[in-house]
Every structure is written in C-alpha cells, then in structure tokens.
Amino acid sequence: MPGGCSRGPAAGDGRLRLARLALVLLGWVSSSSPTSSASSFSSSAPFLASAASAQPPLPDQCPALCECSEAARTVKCVNRNLTEVPTDLPPYVRNLFLTGNQLAVLPAGAFARRPPLAELAALNLSGSRLDEVRAGAFEHLPSLRQLDLSHNPLAYLSPFAFSGSNASISAPSPLVELILNHIVPPDDKRQNRSFEGMVAAALVAGRALQGLHSLELASNHFIYLPRDVLAQLPSLRHLDLSNNSLVSLTYVSFRNLTHLESLHLEDNALKVLHNGTLAELQGLPHVRVFLDSNPWVCDCHMADMVTWLKQTEVVQGKDRLTCAFPEKMRNRVLLELNSADLDCDPILPPSLQTSYVFLGIVLALIGAIFLLVLYLNRKGIKKWMHNIRDACRDHMEGYHYRYEINADPRLTNLSSNSDV
C-alpha cells in the first residue's frame, strides 16, 4: 500500500539515529579510566562527611521509669519509688514531676547537671516522703518559678534550703510560687524544735524569697506565726494559712504586704481579731480576707470586730460568720449582733458548771466526815489537849527556874561550889 511505503523510510531513519547515539555513549564510557572514577569518589567524600555532621543530634534519652515529652518540655516520674533524683534528666525539661516516690533526703545540689537544667520552671515533689531538705538543694536552677513540697513529713528543713548553701553570697531565689501544705512531721520526729520556727527560718534566710508571690502553708497545725516572718516577703500576693490552729494574730504584722490580694484564714482557732490587726487589714488596698469556720467568741471583746465587719468590704462571705461561744450566742450571725448582745458575763458552759457543782458536793462531803470524826473523838481530843497543856507548863517552869538561877549571882556561886 502507498501508506505502508511512506512509513518505512521514516522508521529506518529513526533506527539509524538511535544506533549512532548508542555508539557515542559507548565511546564516552570506554574513554573514562578507573583512576578518574576513584578520584571523583574521593573528592566527594569530604562533602558527604560534612553533610552527615550537619545533621541534628539524636534526641535526649529519657530516664528509666519516667515518661518524657520533648514537645511539652515535661518529664514525669510519678509513683516509681525512686530513692534519688534521676541523674540523666534531659536538659530541655521545663516541668518536672517527681511525686509519689521514696526520696527521703534531698541533698545539696540535687539538681546540678551538665549541661544545667536551665529551663526547669516547675518542680513538683509532693508526696515523696521527704524527711530532710538540706541547704542548697535547689541551687543551679536559675529558671525555677514554682516549687511544690506539700505532703512530705519534713522533720528537717534547712534555713538555707531556698537561699543556697551560703546565703551571704547566693543570688535571690527565682521562686514565685512556693507550696508547703501539709508538711508537718510526726511528733516523734520533731527533735524538740519548734516546727513553726524551722519553717520561718527557711522563709526569711538571706531574704532570698523577696520575689515570692504565692505562699501556701495550709494544714500544718501552726499554733502561731513567728514575729516578723511576713515582713521578709514584701511581694506576696497570695497567702494561704487555712486549716491550721492559729489562736491569735496579735503578733503577726501584715503592714508590709502592700501587694497582698488574698489571705486565707479559714478553719483555724481564731476567737477574735483585735484593733491592731483590723487596722492593718483595712490598710491593704487590694486584699480579700477569708475567715470562715473559726470559733468566734461573741462577748464584749468582739464589739470592735463586729463594727469593723459591718463597715468593711475586705472580708469575703462575712455574712456566713457565726458565733461559737458562749452557748446562748451559738450560731448567731456576727453581722446581726449589736452592742447589747455582747457582754462579758461569766457564763460557763454547762459541762463546766456541772463539774463545779460536783466538786462542791465532794468538798462538802469531806468536810462533813471530818467534823463527824472530831465529834466522835471529842473526849479523847480533850484529854490529849490537857496532856499537851501540862507538858508545855512543865517545860516552861523548867525554863523559868534556870532563868532565876542565872539571874542571881549568889545562887550561881552556890551552884558552882556545890559542884566542887
């Protein structure tokens, strides 16, 4: 066919061009020598090595028994019965949870690492059975902002635990929030020292915590706060003293806490707030005070506090505050009291009245028995008194006789001659 004859020469020309191209490629390969190929590989080796060295390093290893998240900058070693802080913490850690372990002692430099944990900002050690926190335990943590030591029976908290092993040369602590709830040790581990004093010494040593904004000291059985402990914490904004046993705030000064925003005093043993405390609280510009669940004694000493409560807006939930004593005032709302309700009559609780009545009956019975014994032995007692009188009379006559002899010189000479 004419169409087939026209396609034949074109196909042959195409095959001829492909054959010539194949011959050219074969000639180029044959002209290349083995030495040139080796030299080209050796020249590319440094480039490959530099490319390999430019790759990012392998991610940091996670400590055994811990969970790590580099994206969240968090390491969790929770309920693992660890007896010491892991030494291979990754340097990227920002949030470290070491709760529910068996650490017992936190020594100096417990978190010192190479490279340092420069980004660690939040450290939670709650419930790890810590008995002892030594000086400088939190050194080398320049970014630490939040520290939680709650629910540890701290028998010993070094005065320099937060300020460093040498408070005179250490820098101020970066801490902003410190949580020390429920750290009271058992009675057999207090070692005859004041627990309140031990905690206060750690808070004020070296003035390291002057930048602290939040302090929680709840559930520690505090009976009192040492004098001037709050004066060393001028930046406080949140102070939690709830669920303690504070009976008075007379010696506690809030004057320097000009930034204080919330003061929690719920569930203590406060009976009344006196004028000095009321004036200091009223002078704080931003504070909110919580006073619920205290055993307020509504007598004449409560009059100033009731007047203050009616005028101030500082106390939150003040309409819930009620009297606990005396019995006739129990559950009366403080805001509903007036001066006529507040007296100081010596009205005793019924239990105490019963005790006094019983004591009087016992004393009266003893007196009656004593008088009965005297009456039944009246004759013997009378004879005994006569005998004593006669003995005393004979004794006095003997003294009188010797006095007369000594006073008369003749009788004296006679007595001496008779002796010769």
Check [X] against [Y] and note the closest heavy-atom contact, atom names and distance.
X    : Y    : result
P90  : P63  : CD-CD, 4.0 Å
L270 : S248 : CD2-N, 3.8 Å
N268 : L246 : OD1-N, 3.1 Å
A137 : L106 : CB-O, 3.8 Å
L120 : R94  : CD1-O, 3.6 Å
L263 : L281 : CD2-CD2, 3.9 Å

Kindly indicate whether the side chain of [X], heavy atoms from C-beta on, has any atom under 4.5 Å from the side chain of [Y].
X    : Y    : result
L225 : E196 : no
I183 : L130 : no
F97  : L123 : no
D343 : C300 : no
L147 : I179 : no
I366 : F370 : no
R73  : V93  : no
H386 : K382 : yes

Do the side chain of [X] and the main chain of [Y] share a donor and acceptor less than 3.5 angstrom apart?
X    : Y    : value
N181 : A218 : yes
N152 : L125 : yes
D341 : L337 : no
S158 : F160 : yes
R80  : C66  : no
N294 : L265 : yes
D240 : L217 : no
N244 : N220 : yes
R332 : C323 : no
R134 : E132 : no

With ring-ring contact (aromatic ring centres under 6.0 Å, His included) as the rule and sequence neighbours excluded, what pairs involving residues 290-322 come up?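 Found H264-F290.
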
**Message:** For a side chain to side chain donor-acceptor pair (under 3.5 Å) check, start with the C-alpha distance between Y224 and S194, then their side-chain angles and the critical distance, and finish with the verdict.
**Reply:** CA-CA 11 Å; Y224 71 99; S194 168; 3.1 Å; yes

Here's one to test your reading of the geometry: is the NZ or CZ of R330 within 45 degrees of the ring axis of F325 and under 6.0 Å from its centre?
yes

Distance-only side-chain donor-acceptor flag, [X] / [Y], under 3.5 Å:
X    : Y    : value
R288 : Q316 : no
Q282 : T312 : yes
S262 : H238 : yes

If you round to the nearest 0.5 Å, how far is [atom2] of [Y] from [atom1] of [X]?
X    : Y    : atom1 : atom2 : result
N81  : N101 : CG    : CG    : 6.5 Å
L212 : F162 : CG    : CZ    : 9.0 Å
R378 : K383 : CZ    : NZ    : 15.5 Å
C298 : M305 : SG    : CE    : 8.5 Å
N79  : S128 : CG    : OG    : 8.5 Å
T74  : L96  : OG1   : CG    : 9.5 Å

Please walk me through it: do T277 and T250 pass side-chain contact (heavy atoms from CB on, under 4.5 Å)?
CA-CA 7 Å; T277 302; T250 303; 5.7 Å; no

- Query: Where do V272 and V297 land on the side-chain contact (heavy atoms from CB on, under 4.5 Å) test, with the steps shown first?
  - Reply: CA-CA 7 Å; V272 65; V297 177; over 6 Å; no

Discussion item. Checking S219 against N243 for the side chain to side chain donor-acceptor pair (under 3.5 Å) test, could you report, in this order, the C-alpha distance in whole Å, the side-chain angles of both residues, the deciding distance, and whether it holds?
Written reply: CA-CA 5 Å; S219 304; N243 198 27; 2.8 Å; yes

**Request:** Please lay out, stage by stage, how V85 and L98 fare under the test side-chain contact (heavy atoms from CB on, under 4.5 Å).
**Result:** CA-CA 8 Å; V85 179; L98 291 171; 4.2 Å; yes

When you look at V252 and F254, which way does the side-chain contact (heavy atoms from CB on, under 4.5 Å) test go after all the steps?
CA-CA 7 Å; V252 180; F254 300 96; 3.7 Å; yes

Residue set satisfying side chain to side chain contact (heavy atoms under 4.5 Å, CB included) with A122, at least two apart, ordered chain then number -> N95, Q146

Are the charged groups of R255 and E280 less than 4.0 angstrom apart, N to O? yes

Side chain to side chain donor-acceptor pair (under 3.5 Å) with R237: of H286, E177, H213, only one passes, and it is H213

